[in-house]
Amino acid sequence: MPDLVPVKRALLSVSDKTGLVDFATALQTKYNVTLLSTGGTAKALRDGGLSVTDVSDVTGFPEMMDGRVKTLHPKVHGALLAVRDDPAHAAAMKEHGIEPIDLVVINLYPFEQTVAKPGVTFEEAIENIDIGGPSMIRSAAKNHAYVTVVTAPEQYEKVLGDLEKHGGSTCERHRRKLAQAAFARTHTYDGAIANYLAMQLETIDPKHGVSTSASERSEGPDAQPLPDTIELRLSKKHALRYGENPHQPAALYVENWRDSEEASVADAIQYHGKELSYINLLDADGALSCVKEFARPAACVVKHATPCGVAVGSNAADAFAKAYAGDPVAAFGGIVALNRPVDESAARVIIDGHKFLEVIVAPAYSPVALDVLKTRWKNVRLLEVGGLEPRDAAEVTLHKIVGGYLVQQRDEVGVVQDEWKSVGERAPTAVEMTDLKIAWLACKHVKSNAITIAKDAATVGIGGGQVDRVGAARIAIEKAGERAMGAVAASDAFFPFPDGPKLLIDAGVTAIVQPGGSVRDAETIALCDARGVALIFTGRRHFRH
């Protein structure tokens with residue numbers, strides 16, 4: 001394998017034309033490279049004042065079938081795949097008039113971006129599957145001993161640097177590095193297409209051969225909402241300070257093949273503070289997921305992967321103050337998310353007193369709010385995630401176990417009012433019902449077994465991550481203290497015995513919401529009726545492990 005290979009002919013065919021003309025100009029004017037191109041790329045190069053040979057003039061065939069066929073020809077792939085120092089290959093090239101191509105610049109039809117657009121049709125998605133591009137990339141990458149393959153505008157600068165360093169040639173190590181990136185790109189591209197088609201299969205009615213929406217599909221035991229195959233294609237975005245413990249290296253990886261519009265901490269803008277750690281991101285994601293549940297201004301404080309305070313208020317400042325007050329001891333050193341932009345008023349409430357926060361997540365910050373927060377804390381991480389709508393229906397949750405992954409749809413069900421049933425003699429009051437909804441949504445994000453106690457639109461006691469529901473109730477009651485008087489409570493799953501509800505009622509709780517479904521439900525209902533406590537069954541549980 002030769003180390004240095006001169007670049008004399010280059011084929012350029014790109015969808016993303018960022019930096020293209022400048023790159024091609026350097027190739028032609030500085031290194032006298034002959035440029036071959038197709039369609040819109042050729043036009044862009046000519047508009048940039050460059051001399052270009054159409055690939056159709058090389059192959060002797062015009063572009064046809066709406067551009068589906070233009071580079072699939074021996075004079076292209078022979079020029080890319082020929083082993084230059086193999087006499088038989090050289091003879092074949094001479095016999096068929098094939099001239100070598102030394103550099104290929106390809107980026108593919110924007111399939112991933114196309115299918116991420118709202119309302120994209122299946123036909124539009126199919127037309128954005130590139131065939132010739134991946135074929136040329138793979139041919140060039142296979143033959144990287146002689147061919148340099150470029151698959152992203154970000155690579156242009158280094159390629160030009162390689163050419164300058166070696167007098168118009170590229171070095172073997174750089175070509176191999178680019179070939180690796182090329183095969184990674186085609187793998188990612190093919191995986192995105194496979195995933196998309198798998199999801200489309202899930203929406204086809206086998207009786208009629210037509211697609212149906214997710215809302216029209218059965219939610220019963222025979223439903224198959226997950227594809228048979230999932231391609232995991234992750235790219236390292238950046239290293240993290242450490243993992244769960246300082247001796248564990250960690251990094252953030254993202255699915256850069258899929259352009260999700262949902263707000264996330266993975267794509268957040270960090271305005272201030274130290275590097276993020278594994279736990280920072282895990283807790284920030286949990287807090288953000290919680291506040292997405294609420295239409296009204298809301299705040300959630302998370303500590304060790306579970307909420308310790310959740311509240312809604314009249315504005316961001318009010319919601320934060322109530323959420324932090326839910327458990328100030330636990331909230332110290334926690335992570336907070338808000339579903340409204342942080343203005344100066346909210347910022348001043350956040351910094352008031354002796355609070356300490358690791359991370360603040362919000363849709364946006366006013367310039368004054370940023371100054372206030374930066375001045376108060378040297379190291380607090382300030383993350384801006386943008387608007388919290390829309391939600392990404394393609395998101396799933398994965399949990400790594402030894403030897404595999406557990407995959408499930410996200411728990412997107414919140415308060416389904418039509419399913420809630422008042423099963424006791426007394427129905428909740430309007431105030432109790434408001435607090436029950438908040439307690440229920442908060443409980444959904446607490447580690448199981450989970451009990452939340454809420455009052456005045458805020459949690460005042462949370463017990464989570466326990467191996468028995470009575471233990472969770474005791475912790476929530478202890479956290480709430482006197483605030484449990486006149487409060488409401490939620491349980492993420494049914495009470496198997498009336499002992500948990502009795503503890504809550506003895507502490508002062510006046511209404512309870514839980515899924516129901518225990519063989520001893522009648523005992524719990526009788527207890528609540530005897531004590532004048534309203535009881536709601538939701539029919540759904542929200543375990544969170």
Side-chain angles (χ1 to χ4, degrees), residues 293 306-307 309-312 326-327 413-466 468-544:
E293 299 276 6
T306 199
V310 181
V312 299
D327 191 345
V413 177
V415 173
V416 185
Q417 191 75 50
D418 292 344
E419 296 179 355
W420 285 28
K421 296 178 181 178
S422 179
V423 295
E425 293 177 353
R426 182 176 77 81
T429 67
V431 171
E432 286 174 331
M433 183 59 80
T434 297
D435 286 342
L436 285 168
K437 292 177 181 178
I438 292 167
W440 181 248
L441 291 174
C443 198
K444 173 183 170 182
H445 292 269
V446 176
K447 297 293 184 181
S448 298
N449 288 315
I451 299 290
T452 56
I453 300 175
K455 187 176 183 179
D456 298 329
T459 59
V460 293
I462 295 176
Q466 301 304 299
D468 65 277
R469 201 157 296 279
V470 171
R474 287 197 178 103
I475 293 172
I477 291 165
E478 181 183 352
K479 293 283 188 180
E482 294 181 356
R483 296 177 298 175
M485 293 297 299
V488 306
S491 173
D492 65 340
F494 65 68
F495 288 101
F497 303 95
D499 48 0
K502 183 177 185 303
L503 286 172
L504 293 166
I505 295 168
D506 288 346
V509 164
T510 62
I512 297 173
V513 59
Q514 59 140 319
S518 168
V519 295
R520 294 178 178 266
D521 276 347
E523 296 177 34
T524 299
I525 294 170
L527 170 68
C528 290
D529 286 345
R531 301 289 293 271
V533 171
L535 182 61
I536 296 288
F537 283 179
T538 67
R540 293 179 186 262
R541 78 175 191 201
H542 288 291
F543 275 165
R544 188 174 183 84

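Position 1 is the first residue of the sequence, and the numbers go up from there. In this text, all values refer to a predicted model and were calculated from it rather than measured experimentally.
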Find out whether [X] and [Y] are in side-chain contact, i.e. whether some heavy atom of one side chain is under 4.5 Å from a heavy atom of the other.
| X | Y | answer |
| --- | --- | --- |
| V533 | L504 | no |
| T524 | L535 | yes |
| T538 | V416 | no |
| M433 | I536 | yes |
| V415 | W420 | yes |

Can you name the nearest heavy-atom pair linking [X] to [Y], along with the distance?
| X | Y | answer |
| --- | --- | --- |
| L436 | A489 | CD2-O, 3.8 Å |
| S422 | A427 | OG-CA, 3.6 Å |
| A311 | A458 | CB-CB, 3.5 Å |
| F537 | P515 | CB-O, 3.8 Å |
| I438 | V312 | CD1-CG2, 3.4 Å |
| I453 | A487 | CG2-CB, 3.6 Å |

Qualifying residue, where the test is side-chain hydrogen bond (donor to acceptor under 3.5 Å, both in side chains) with T510 and the options are R426, K455, E432: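 Considering R426, K455, E432, a side-chain hydrogen bond (donor to acceptor under 3.5 Å, both in side chains) with T510 is found only for E432.
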
For I462 and D327, run side-chain contact (heavy atoms from CB on, under 4.5 Å): C-alpha distance rounded to whole Å, both residues' side-chain angles, the deciding distance at 0.1 Å, then the answer. CA-CA 9 Å; I462 295 176; D327 191 345; over 6 Å; no

Examine distances only and state if a side-chain atom of [X] and a backbone atom of [Y] form a donor-acceptor pair shorter than 3.5 Å.
| X | Y | result |
| --- | --- | --- |
| N449 | Q466 | yes |
| R474 | G463 | no |
| D521 | G516 | no |
| Q514 | F495 | yes |
| S491 | A493 | yes |

Is the count of non-hydrogen atoms from other residues, nucleotides or ligands lying under 6.0 Å from E482 atom CD greater than 12?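 No - once you tally the heavy atoms of other residues, nucleotides and ligands closer than 6.0 Å, there are 12 at most.
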
Once salt bridge (charged side-chain N to carboxylate O under 4.0 Å, His left out) is applied, do any residues pair with D506, and if so which ones, sequence neighbours excluded?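 Scan of D506 (salt bridge (charged side-chain N to carboxylate O under 4.0 Å, His left out), adjacent residues dropped) gives K502, R531.
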
Suppose we screen for salt bridge (charged side-chain N to carboxylate O under 4.0 Å, His left out). Which residues come up paired with K447, at least two apart in sequence or across chains?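 Applying salt bridge (charged side-chain N to carboxylate O under 4.0 Å, His left out) to K447 gives none.
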
Let me know which of K444, R469, R544, R541 forms a salt bridge (Lys or Arg N to Asp or Glu O under 4.0 Å) with D492.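 For D492, the salt bridge (Lys or Arg N to Asp or Glu O under 4.0 Å) test succeeds with only one of K444, R469, R544, R541, which is R469.
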
If you measure from CG on L527 to CD1 on I512, what distance do you get to the nearest 0.5 Å?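 Output value for this atom pair is 7.5 Å.
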
